[in-house]
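Scroll down for the structure; my scribbles are underneath it.
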Amino acid sequence: KNITLRSTYGAITSTGSSTLLGSVISDSGNLTLSGMSITGSVSTGGSLSLSSSSVSGNVSANGGVTSSNATVGGTLTSSTGSISLTGGSVTGLVTSGCCTVTSSNTNLLGGARSNSSGLQISGGTLQGDFYANNNTATFTGVTMTSGSISGASTVTITDSTIGSSSNSVNVTAVSGAVTLNNSTAFGALTAPSYSTIYVNSPSKVYGTCIPNSTPANACQSLSSLTCFNDNFSSSLSNDWAVVSRSGSFGQPRVVNGRWRLTDDSNNVSTAATLLRLIP
């Protein structure tokens, strides 16, 4: 039998280690929950601080939400405050009705949305749709496996992997550029007609860049990505460049159906380079 812990006016604070088979509700006070395992939902008319805790259901606050090393099984919503997440994970959509959504090393598995401000996401695994209402969206050190990025004035992606060769992610900026720094993106990257997609080396884009890319032709078609296979049945193909620097062995070559780089003689130095891009 579940129990609902409710305060109609004052705050609710938990410390130590507690388990509640039910929900926590404060109609107008703040919630400060630490070390708590909650099988239901959490809601408050004030602000919420959640640390080293787990919530099976949805989390909602009228004010701001601060979370540290917490696991949320449902959605996480702040109506009139910012959201700041550190560590942990959120399975459902993270939404701020007014303010910035910031996360650091949090796995956001249902996307994130700021209805009136921006997104600042660093670290963690991302899935779902990420939306910033004509404000900046920055992604640093993330791995985004599925979903989309949209609505932001500009999008900056640094030290990240966005999508994959089998699951593309579309990225759209509504009033400025999309910029990639030391990142790889698979999908369609779109900026306004007067802007561009900055693909700063060594970044790669496998998909389309609309209206163009800087530098030009920096985006490759997804259809051009194929697996590479070589069974070395006879001789090395033109996909390989080989060289010998020293020794009597000579250049790497196929011997009896195997690729031989060297033999057992002394002072042999050889090299082989595959002249193909590996997705």
Side-chain angles (χ1 to χ4, degrees), residues 85 87 89-90 94 101-114 118-132 135-193 195-230 239-241 272-279:
L85 310 175
S89 65
V90 181
V94 176
V101 175
T102 303
S103 76
S104 176
N105 297 316
T106 304
N107 295 329
L108 303 178
L109 306 179
R113 183 182 183 96
S114 176
L119 302 175
Q120 297 177 9
I121 313 296
S122 62
T125 299
L126 310 183
Q127 298 174 3
D129 298 326
F130 288 76
Y131 175 87
N135 283 267
T136 59
T138 62
F139 298 83
T140 304
V142 305
T143 299
M144 187 171 184
T145 60
S146 62
S148 66
I149 300 172
S150 65
S153 56
T154 61
V155 179
T156 302
I157 300 169
T158 303
D159 299 328
S160 300
T161 300
I162 306 297
S164 66
S165 58
S166 60
N167 200 355
S168 61
V169 170
N170 294 334
V171 179
T172 304
V174 297
S175 58
V178 176
T179 303
L180 272 69
N181 301 310
N182 193 34
S183 298
T184 301
F186 297 81
L189 277 60
T190 305
S193 58
S195 190
T196 188
I197 311 297
Y198 290 106
V199 185
N200 296 325
S201 181
S203 298
K204 301 289 184 182
V205 175
Y206 299 102
T208 58
C209 289
I210 301 172
N212 53 58
S213 68
T214 302
N217 304 316
C219 305
Q220 299 185 36
S221 172
L222 277 170
S223 61
S224 66
L225 297 179
T226 58
C227 292
F228 178 79
N229 178 67
D230 196 332
D239 291 317
W240 297 95
T273 303
L274 176 62
L275 304 177
R276 294 277 296 275
L277 290 175
I278 299 295

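- No donor-acceptor contact under 3.5 angstrom links the side chains of T140 and D159, judged on distance only.
- A donor-acceptor pair under 3.5 Å links the side-chain atoms of N107 to the main chain of T125, judged by distance alone.
- Formation of a donor-acceptor pair under 3.5 Å by the S221 side chain with backbone atoms of G207 is not found in this model.
- Listed for the T106 side chain is no donor-acceptor partner under 3.5 Å among the backbone atoms of S89.
- The closest donor-acceptor contact from the side chain of S195 to the backbone of A177 lies under 3.5 Å.
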Scan the side chains in residues 210-217 for donor-acceptor partners under 3.5 Å anywhere in the protein, sequence neighbours excluded, and list what turns up.
unit_1, atom_1, unit_2, atom_2, d
N212, OD1, T196, OG1, 2.6
S213, OG, P215, O, 2.7
S213, OG, N217, N, 3.3
S213, OG, A218, N, 3.1
T214, OG1, T196, OG1, 2.9

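- In this structure, S183 contributes its side chain and N181 its backbone to a donor-acceptor pair below 3.5 Å.
- With respect to S103, the side-chain contact (heavy atoms from CB on, under 4.5 Å) criterion is satisfied by exactly one of V94, L108, L126: L108.
- Distance check: T172 OG1 to I149 CD1 gives 9.0 Å after rounding to the nearest 0.5 Å.
- The neighbour count for Y198 OH, taken as heavy atoms of other residues, nucleotides or ligands under 6.0 Å away, does not exceed 12.
- The nearest pair of heavy atoms linking Q120 to T138 is CA-OG1, 3.6 Å.
- Counting heavy atoms from C-beta outward, L189 and V199 have side chains that stay 4.5 Å or more apart.
- A distance of 15.0 Å separates OG in S168 from OH in Y206, rounded to the nearest 0.5 Å.
- With rounding to the nearest 0.5 Å, the separation of CG in L85 from OG in S104 is 9.5 Å.
- Of the possible polar contacts, none joining the N170 side chain to the S148 backbone as a donor-acceptor pair under 3.5 Å is found.
- With sequence neighbours left out, D239 forms a salt bridge (charged side-chain N to carboxylate O under 4.0 Å, His left out) with R276.
- V178 places none of its side-chain heavy atoms less than 4.5 Å from the side chain of T190.
- Scanning all heavy atoms of the two residues, the minimum distance from V174 to G151 falls at CG2-O, 3.7 Å.
- Classification of the F139-F130 ring pair by plane angle, with boundaries at 30° and 60°, yields perpendicular.
- For the side-chain contact (heavy atoms from CB on, under 4.5 Å) test with M144, the passing option among I121, N167, V169 is V169; the others fail.
- Although no hydrogens or angles enter the test, the distance criterion places a donor-acceptor pair under 3.5 Å between the side chain of S160 and the main chain of G141.
- In this structure, A272 and W240 approach most closely via the heavy-atom pair CB-CE3, 4.5 Å.
- Taking CD1 of I197 as the start and OG of S203 as the end, the distance is 12.0 Å to the nearest 0.5 Å.
- Looking at every heavy atom in both residues, N135 comes nearest to A132 through O-CB, 3.7 Å.
- Rounded to the nearest 0.5 angstrom, D129 CG and S146 OG are separated by 8.5 Å.
- At a threshold of 4.5 Å between non-hydrogen side-chain atoms, the residues V142 and S122 do not count as touching.
- The distance from atom CG of L180 to atom CG of N200, rounded to the nearest 0.5 Å, is 8.0 Å.
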